[in-house]
Amino acid sequence: MTTSPALSNTSPACFSMHPDEIWNLAVDTDLVCPYYGEQYFIYGRWQRDVMEDICGSISGKTVLDIGCGGLRFGAFILPEIGNGHYYGIDPYYKFLAFGQKLVDRLGCTGKATLIQSNKFEFPINIQVDFAMSQSVFTHMSETQIIECLEKMRPIMKRGGKLVFTYLRTNIPEGHHDGKLYQEEMPVICAYLAGPKIFRDFAEKYHLQLEEGYVKIPHPSKQHTAILTF
Amino acid sequence: MTTALLQFEALGHSDADLKAYRTEIFRTDKPGYVLIKGFLKPHLAEHLAQFWNIAPPSPQFFDSTRTEVKSIGQKPFAYYGNRRTSYHNYLWNKPLDELSHGVCFIVTMLRNQLEQQPIHRHLIPNASLMASYRVVTTRNVEGVEVEDHTDWNEPENDYLRYNRQLTQATLFLSRYGVDYEGDGFSFTTNTGERVRFGPDITVEPGDLIIWRYANVHGVGSNKALPGGLGFSRMIFPYEQISLTPQVAKSDFAQKAGTRLEKVFRGLSKRRLQEKFGRLVKKK
């Protein structure tokens, strides 16, 4: 193989596909995206580690994965999640098609509910312990972020946590200008959103906002915050 | 020279074609390249070959000293040698040959489509990688012309470290066995097999290969046949440029800067603070 080396040492035992397998599965879904190779494991592992750090454990929790894409986070927690306790939402059908293939490949078919929506149409009858929004708000307008947070409020358990990432500086020169969703969805380039809108939202609803979570640094140095409902 | 109008069919690849190309290029069990036969019609390929080999632009259009691209506005670069010539063109300059410029646009747009990137990517200076094109003709190189290497496979660069999706392209402008003989262009496939375009895989003028940039590739020994052009091809490298405008310094500013630099060279930060502190106090 001439592709990049495997990162088997970064793959937890519960999710041990070779990066080439992930990449080929994405190519078969007609997705050519740099995040579906080695980076899949780097970002997936980070999200899993953060959840474990904050929640103590994965099992027994109901998880909402906002902008779940091809289940970078989901793949790392599904084997430990109870049946029907993982909800992934994303507007792009190709990512979800890839995610569904992966769910099946992992033998976790009954565990995941994947929702295609760009209006944050979360299931109304769930109570979420932990929500993740990794590198998602960075591509949303402020209106979208607020809409997302507002729609989360009724479905988050009291004390439920949302971990999200955001940017506080401009994208450095040289960073790729890659698009998301192959131009089929209205997604904006990464930009500075926050922290004011998050502070205002937390203040409005008397929620606790912890900015600057650094215990497990984000792989691409985005800022990480925790909102407790 | 023939009239060279770029035909729009060069842009018209169906979604099914693109998906098939992606599979060939990107799946790890596939070759890592796609060969598009007749990408350019023969008269267009002939125009390119003739323009750059028979009647190339005058050397005054080129900078022949500056090999490294630093910023927008830089002149084209030319390398003249007995064994090979190479013309490096940048899209921000006025085209020396309209067709060549156009070909660079359509090839880059096709690469963008294959990489599922914005169609304008690398064509306008809104990010630090800009497309460029080189027309290289080898007439007599024995041994290795370009060592086997990979590009954009840099462990220190966050963006490139694990990027599997960048592609490069080679447009062939001359014919193996007629214009040249030798090793042609060598490429190592995704499965580790070494192939040579020219001697092993037949390519005609106007044929295009799009290949994974990070795969090992090189150019070995090639020699022009009597009456032949040599091994002539067009490649489309991305150049890393600075987006910061380069402001030309006046002579005065340059001289003043150099003198100030001499005065302060070797002074520690503390010493500088003392020096300026004294000046401020005197005021």
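Proteins come first, then strands; the chains are lettered A, B, ... in the order of their sequence lines, and each starts at number 1.
- Put simply, the side chain of B/Gln117 does not reach to within 4.5 Å of the side chain of A/Val32, judged on heavy atoms.
- Although no hydrogens or angles enter the test, the distance criterion places a donor-acceptor pair under 3.5 Å between the side chain of B/Gln116 and the main chain of A/Asp30.
- Contact record, A/Trp23 with B/Phe26: NE1-O, 2.7 Å, taken as the closest heavy-atom pair.
- Counted within 6.0 Å of NZ on A/Lys215, heavy atoms from surrounding residues, nucleotides or ligands total 12 or fewer; the atom is thus considered open.
- Side chains of A/Val27 and B/Lys30 form no contact here, defined as non-hydrogen atoms less than 4.5 Å apart.
- Sparse packing is recorded around NZ of A/Lys119, with 12 or fewer heavy atoms of other residues, nucleotides or ligands lying under 6.0 Å away.
- For chain A, no part of B/Ile25 is nearby; none of its heavy atoms comes within less than 4.5 Å.
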Hey, mind stepping through B/Arg27 and A/Asp28 against side-chain contact (heavy atoms from CB on, under 4.5 Å) and telling me if it holds? CA-CA 8 Å; B/Arg27 265 199 77 98; A/Asp28 291 345; 2.4 Å; yes
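- Smallest separation of non-hydrogen atoms from B/Arg164 and A/Asp20: NH2-OD1, 2.9 Å.
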